[in-house]
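Single-structure report; data block below.
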Amino acid sequence: MSEMNIVQAINRTLRDAMKEDPDVLVLGEDVGVNGGVFRATDGLIREFGAERVIDTPLSETGIIGTAIGMSLYGLKPIAEIQFLDFIYPAFDQIVSELAKFRYRSGGQYPAHVVIRAPYGGGIKGGIYHSQSTEAYFCHTAGIKVVIPSTPSDARGLLFSAIADEDPVLFLEPKRIYRSLTGEVSDSQEKVPFGHARVVREGSDVSVFAYGAMVPVAQEAADALGRDGVSTEVIDLRTLVPLDEAAVLASVEKTGRAIIVHEAARFCGFGAELSAILAEKALYSLKAPVLRVTGYDTPFPYALENVYLPNPERVVRAVRQSLQAG
Amino acid sequence: MSEMNIVQAINRTLRDAMKEDPDVLVLGEDVGVNGGVFRATDGLIREFGAERVIDTPLSETGIIGTAIGMSLYGLKPIAEIQFLDFIYPAFDQIVSELAKFRYRSGGQYPAHVVIRAPYGGGIKGGIYHSQSTEAYFCHTAGIKVVIPSTPSDARGLLFSAIADEDPVLFLEPKRIYRSLTGEVSDSQEKVPFGHARVVREGSDVSVFAYGAMVPVAQEAADALGRDGVSTEVIDLRTLVPLDEAAVLASVEKTGRAIIVHEAARFCGFGAELSAILAEKALYSLKAPVLRVTGYDTPFPYALENVYLPNPERVVRAVRQSLQAG
Amino acid sequence: MAEPHAVSQKLPQSETDAAPEPDLLDAYRLMVLARATDERCLMLQRQGRIGFYAPLMGQEAAQVGASRALAPQDWIFPAYRELAVALARGVPLRAIFDQLLGNADDRIRGRQMPNHFGFRDVNFVVASSPIGTQITQAVGAAMAAQRRKDSIVTIAFFGDGATSSNDFHAGLNFAGVFQTPTIFFCQNNQWAISLPREKQTRSATLAEKGSAYGMPGVLVDGNDFLAVYSAVREARERALSGGGPTLIEAEVYRFGPHSTSDDPKRYRTEEQLAAAKERDPILRLKGELVSAGRWTEELDHQLWEEVRTRVTRTFEEAEKAKPLDPRSIFDDVFAHVTPQLAEERAQFDAELRDGVLKL
Amino acid sequence: MAEPHAVSQKLPQSETDAAPEPDLLDAYRLMVLARATDERCLMLQRQGRIGFYAPLMGQEAAQVGASRALAPQDWIFPAYRELAVALARGVPLRAIFDQLLGNADDRIRGRQMPNHFGFRDVNFVVASSPIGTQITQAVGAAMAAQRRKDSIVTIAFFGDGATSSNDFHAGLNFAGVFQTPTIFFCQNNQWAISLPREKQTRSATLAEKGSAYGMPGVLVDGNDFLAVYSAVREARERALSGGGPTLIEAEVYRFGPHSTSDDPKRYRTEEQLAAAKERDPILRLKGELVSAGRWTEELDHQLWEEVRTRVTRTFEEAEKAKPLDPRSIFDDVFAHVTPQLAEERAQFDAELRDGVLKL
Ligand SMILES: Cc1ncc(C[n+]2csc(CCOP(=O)(O)OP(=O)(O)O)c2C)c(N)n1
Ligand SMILES: Cc1ncc(C[n+]2csc(CCOP(=O)(O)OP(=O)(O)O)c2C)c(N)n1
Ligand SMILES: [Mg+2]
Ligand SMILES: [Mg+2]
């Protein structure tokens with residue numbers, strides 16, 4: 001066990017996975033000599049050499065296209081996309097190729113690339129260093145979408161991602177990359193996909209969150225707790241596969257649901273959660289399902305503070321829910 | 001007034017718009033000499049010349065990137081993407097540039113490209129000539145998403161798209177490109193964005209659909225009508241902006257909602273509709289909101305008949321809804 | 001048309017793993033088989049017995065020539081027009097027809113349109129429709145082979161249109177930077193659907209694009225089986241001896257329509273086609289064989305008869321295969337069916353049972 | 001470093017619209033202003049007064065040289081490092097600082113990070129972060145100008161890293177095919193963050209990539225103001241006389257960090273930097289002016305003093321500007337606020353009022 005932040009947990013996990021399995025390699029822009037712009041791959045090139053820690057030309061198309069080819073051949077590439085905002089030159093390779101390879105080859109050619117990308121706001125990165133577009137990928141059949149919210153989950157989920165037989169998009173909440181530290185095990189224990197984490201049990205209302213919004217939800221729950229409101233906070237951890245059972249169980253208990261994400265609201269991941277509730281938990285719902293999200297605007301630079309959901313907005317939504325029905 | 005199909009209506013409308021305004025031009029793969037692989041631009045090059053009906057190299061990146069540049073300069077480009085499935089090489093230009101130009105320039109540089117793309121299944125096109133990924137674009141702030149379901153709407157909505165000051169993704173239901181004909185006005189009357197069409201009034205249940213799913217919903221409503229079920233069918237026409245008022249009004253009346261789309265279910269557009277109901281019409285809902293959609297698999301070739309929603313599946317969902325609550 | 005086998009940059013030939021001289025008769029038989037299959041499939045599509053077809057006619061020498069210069073362990077990343085490559089790899093005709101039909105025996109389980117096949121056993125990666133995407137993948141596989149120290153090359157097949165794709169640019173650039181053992185085999189058949197080669201790009205040849213990535217670009221007459229064979233063999237040897245990637249442009253002409261959905265009369269003349277057909281690669285190789293005294297008109301007639309019969313019979317067998325199990329629609333999305341897909345499948349089962357779904 | 005002004009393909013010079021000889025003193029002053037602004041901004045970022053900055057130091061001659069060869073009606077498609085281009089266009093320093101601060105006077109209304117400015121009044125299109133996207137856009141604008149028969153060129157500014165982007169490939173290809181009046185101005189500053197130029201691509205120069213698109217590629221010493229000026233002027237004249245696009249590679253060196261988030265010590269040595277600094281474009285032009293008897297050390301000292309004071313004062317003024325109106329967050333998504341955004345804004349208003357949102 002050691003205390004570390006999320007970047008350190010990822011760095012440590014990459015190193016451990018690479019030590020274990022010579023087929024694991026890392027590629028991306030500035031991941032080698034520079035150790036990654038967020039230092040997630042710091043030191044790896046010294047340890048494993050430029051053949052396994054590959055500084056690529058500036059082309060996300062090339063990064064993901066070649067990573068797919070490597071994985072077809074039998075390696076386990078972990079591609080870093082510098083910011084999720086810059087993944088779009090590779091979008092064709094991801095949605096048309098990576099996500100569909102197993103299916104369209106009738107199972108002959110699975111392509112199990114792991115794509116790591118920092119996502120989300122909170123670092124004053126403006127319109128192109130802040131976006132949360134996980135919904136695009138969740139809507140794409142054939143790729144798993146994973147978002148840790150703690151150093152320990154970052155390690156356990158990344159181990160699962162690397163061992164997984166399917167493509168995984170591993171989104172890292174850069175806002176809490178360093179600000180949040182925690183105990184991380186030295187073991188190589190995996191956190192399995194499809195199992196949400198009950199961050200805090202509660203009986204009055206359920207708050208669903210993931211990534212950097214988990215601490216926001218926790219803070220809101222703390223504040224509400226001081227006023228006697230018992231808030232259940234659930235960290236979804238993996239959006240695909242989703243732990244639907246956990247979502248339904250919580251709302252069956254509390255009857256009230258608040259969904260928190262940074263992404264724009266319209267057709268965001270929260271819509272799916274809400275739709276699942278409207279289909280499968282309608283009779284348990286005592287109040288409208290509310291979403292606390294980014295606005296349906298591009299992500300602003302100067303005004304990011306008012307764009308990102310904060311604990312106060314979550315508290316307000318919870319109160320609104322409690323007053324209803 | 002003349003009777004025509006959707007392709008003919010689009011072709012006629014493009015011609016009329018180009019006659020009217022010399023700044024309107026068309027570009028894309030095979031749109032010129034060949035008249036488009038679906039013949040939507042048939043004859044235009046003869047009438048307007050290769051300067052305004054531009055056969056481009058095989059690059060969607062180039063098509064949308066140059067179309068944006070043209071529109072910044074003051075022209076009104078209408079870009080054809082041969083199949084929606086092939087739009088991804090242009091995804092970066094669409095989500096990072098086109099949709100955000102007005103915002104990130106503080107209003108200085110609006111980019112009002114119209115992108116036309118045939119979408120959806122039903123032509124035995126398999127995994128890459130059948131997809132419905134409208135949700136990606138609906139989740140992207142700054143771009144409007146329009147899907148006609150009749151020849152007359154195709155004309156009226158396309159006129160609106162061309163006149164619009166914002167970027168518009170104009171998705172054409174290729175399954176009913178030719179099979180569905182109707183009266184189309186010779187006038188240049190626009191169908192305004194954000195106004196759903198009540199295809200058929202009803203009091204027992206609301207069915208929401210768009211594009212090629214509208215006739216499917218209608219057929220289901222016919223069948224249900226024969227059994228005395230009064231089904232309201234609403235064609236959304238524009239997903240962004242959405243006519244939320246029409247959606248809410250219908251469900252407030254019927255208390256039951258079925259959403260039909262071809263796209264995969266998870267995080268599809270139906271999720272947003274359902275979420276809106278779970279937030280704003282919860283107390284009107286007498287039954288769970290059901291979605292009749294494509295499966296969360298890639299679009300198959302040999303089995304497309306069982307992938308695509310059919311009237312029988314819609315009828316079944318309606319009956320399930322009527323039995324509930 | 002190009003000078004036969006003009007190499008823009010000639011590198012010293014290495015000794016590694018010299019391929020045997022090609023068997024011209026074997027090559028000729030393959031080319032005839034491909035042509036006969038094309039002809040049959042165009043007819044089958046008109047009869048509504050298959051849904052779609054994209055013929056390769058005119059490109060047989062290029063495809064068979066390239067294939068015969070490769071080793072079985074080399075990896076092939078095809079586009080959708082590479083029937084003759086698959087046949088040259090030893091894929092049974094029946095397996096091709098199973099794919100065209102999407103029946104229960106189809107190796108890709110009915111997931112893709114005709115022509116988009118894949119056969120793992122012969123390192124023939126499954127083709128996809130988006131133009132160019134296989135190019136970067138071929139480079140990645142080559143990087144993996146480098147890392148594993150496997151003495152193989154990867155080869156990407158693509159068309160003139162694909163040179164405009166993002167993956168062409170990224171793929172050749174990565175290959176140059178990492179000096180991967182990759183052959184970029186461009187069949188310039190003069191058309192990308194209706195767009196003629198001259199409007200695809202302003203460079204004088206496609207081969208010369210190699211220099212933008214620091215790699216040799218080779219222009220070869222794609223109607224000349226031996227010229228193609230030599231160009232690919234040379235590129236392969238260079239790659240295996242650490243000399244890096246090569247771009248090869250094989251100049252050919254697409255005799256047929258782009259696909260059965262296409263009407264080439266809209267964009268090209270009969271005269272142009274007739275002129276191109278004078279350079280028919282099959283007639284050319286036949287002529288060479290006849291001149292060499294290794295072939296006669298009579299043998300040729302017999303061969304065509306045999307091949308046509310075989311093609312027809314094989315298709316009829318494939319038509320008799322069982323249809324796909326509809327439940328298979330939920331397989332292979334992921335390695336294991338997720339709870340969510342299991343739920344969708346359960347509803348699907350019920351709907352099938354109740355006759356709500358119609359096959 | 002490259003031969004100064006080696007033109008890989010020399011085309012006859014046209015008469016159209018010959019630009020006046022450049023004013024060297026004016027150019028020098030601009031370069032000093034850019035350098036002083038860079039120095040100040042790096043400090044302001046360390047002091048926490050601006051959030052981010054990407055300096056251009058080392059690229060002043062390239063930027064000012066290119067800018068001075070253009071006409072006001074030409075359209076500029078910049079990347080995020082084109083401060084000196086903006087200044088050369090006549091953009092007031094105050095407007096630059098307003099953008100760095102994202103205050104109420106910022107022309108782009110606080111929407112983007114520092115350096116990503118845009119000024120419609122001087123045809124300086126707003127920069128974005130995704131690498132290369134401006135390249136195809138510049139080609140599209142040139143196609144539009146062709147159609148309108150406007151006698152202008154468009155110019156895209158980008159770096160060595162951007163030559164690997166999809167838009168570089170598509171943009172140059174479209175420009176070649178449509179013979180657009182476009183100048184592709186690549187500032188090869190030797191680095192794409194930590195990736196050195198040699199690892200970006202294997203071609204010997206970036207300029208030679210032009211030939212893959214059938215256009216001239218020109219390699220020029222980017223530290224030489226006059227060489228850059230001439231290369232761009234020539235490309236402009238060629239474009240205006242129907243000769244099509246040109247790719248120009250200006251070889252420079254990035255003296256500063258990639259941005260204030262970067263630590264170049266991780267990937268390059270002090271010696272390398274020191275060697276590059278011996279070719280400082282500002283010192284070079286100053287030397288030329290002094291040699292020509294048009295400048296003295298004393299004048300130079302005065303100039304720097306003046307400029308530094310002006311930069312400091314202007315920033316202090318900008319700091320005093322009003323903050324942005326938070327409600328503006330909902331403007332400019334669409335031309336008109338949609339009902340859905342109006343609803344979000346109404347809730348936003350209520351939350352602001354109740355202190356739920358914190359500015
Ligand atoms: C990204 C993408 N855009 C458009 C298409 C539609 N399309 C299919 S084939 C084709 C032309 C391909 O030309 P070429 O690369 O020369 O190959 P050929 O068909 O001639 O063998 C086009 C435009 C596609 N499949 N993928
Ligand atoms: C598509 C994309 N991928 C990655 C990045 C992250 N990034 C920002 S600048 C940069 C390097 C750019 O190098 P170059 O084009 O040489 O320009 P320079 O910064 O040297 O001026 C990278 C990789 C980005 N902005 N866009
Ligand atoms: Mg072709
Ligand atoms: Mg650079």
Side-chain angles (χ1 to χ4, degrees), chain C residues 8-9 11 130-133 135-136 139 143 158 160-180 182 184 186 192 195-217 219 238-239 242-247 249, chain D residues 8-9 11 130-133 135-136 139 143 158 160-180 182 184 186 192 195-217 219 238-239 242-247 249:
Chain C
S8 76
Q9 188 183 336
L11 295 179
I131 294 295
T133 47
I135 301 175
T136 48
V139 176
M143 291 170 79
F158 54 90
D160 43 310
T163 62
S164 295
S165 72
N166 296 338
D167 285 279
F168 175 85
H169 187 54
L172 272 75
N173 195 40
F174 275 53
V177 167
F178 298 112
Q179 288 292 288
T180 64
T182 311
F184 300 98
C186 177
L195 197 75
R197 153 63 188 90
E198 317 82 70
K199 291 191 174 177
Q200 191 64 247
T201 184
R202 200 172 162 94
S203 68
T205 67
L206 302 176
E208 73 193 73
K209 288 179 185 279
S211 74
Y213 311 100
M215 76 177 72
L219 182 62
R238 177 159 54 241
T246 302
L247 171 62
E249 172 184 4
Chain D
S8 76
Q9 189 185 336
L11 295 180
I131 295 295
T133 47
I135 300 175
T136 47
V139 176
M143 290 170 81
F158 55 90
D160 44 310
T163 61
S164 295
S165 71
N166 296 339
D167 285 278
F168 175 84
H169 186 55
L172 271 74
N173 195 40
F174 275 53
V177 167
F178 299 112
Q179 289 290 289
T180 64
T182 310
F184 299 98
C186 177
L195 197 76
R197 152 65 187 89
E198 318 82 69
K199 292 192 175 177
Q200 191 63 247
T201 184
R202 201 175 161 91
S203 68
T205 67
L206 301 176
E208 72 193 73
K209 288 178 185 277
S211 73
Y213 311 100
M215 75 176 74
L219 181 62
R238 177 160 53 243
T246 303
L247 171 63
E249 172 185 4

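Letters go in sequence order (proteins before strands), and every chain restarts at 1.
- In this structure, chain D has no heavy atom under 4.5 Å from any part of C:T205.
- You'll find the side chain of C:H169 stays beyond 4.5 Å of the side chain of D:N173, heavy atoms only.
- Distance CE/C:M215 to OG/D:S203: 10.5 Å, rounded to 0.5 Å.
- With a 4.5 angstrom heavy-atom cutoff, C:F178 does not touch chain D via any of its atoms.
- Between C:V177 and D:T201, the closest heavy-atom pair is CG2-CA, 3.6 Å.
- Neither the backbone nor the side chain of D:E198 comes within contact range of chain C; no heavy atoms are under 4.5 Å apart.
- Taking both residues in full, the closest heavy atoms of D:Y213 and C:K209 are given as CD2-NZ, 4.3 Å, listed atom of the first, atom of the second, then distance.
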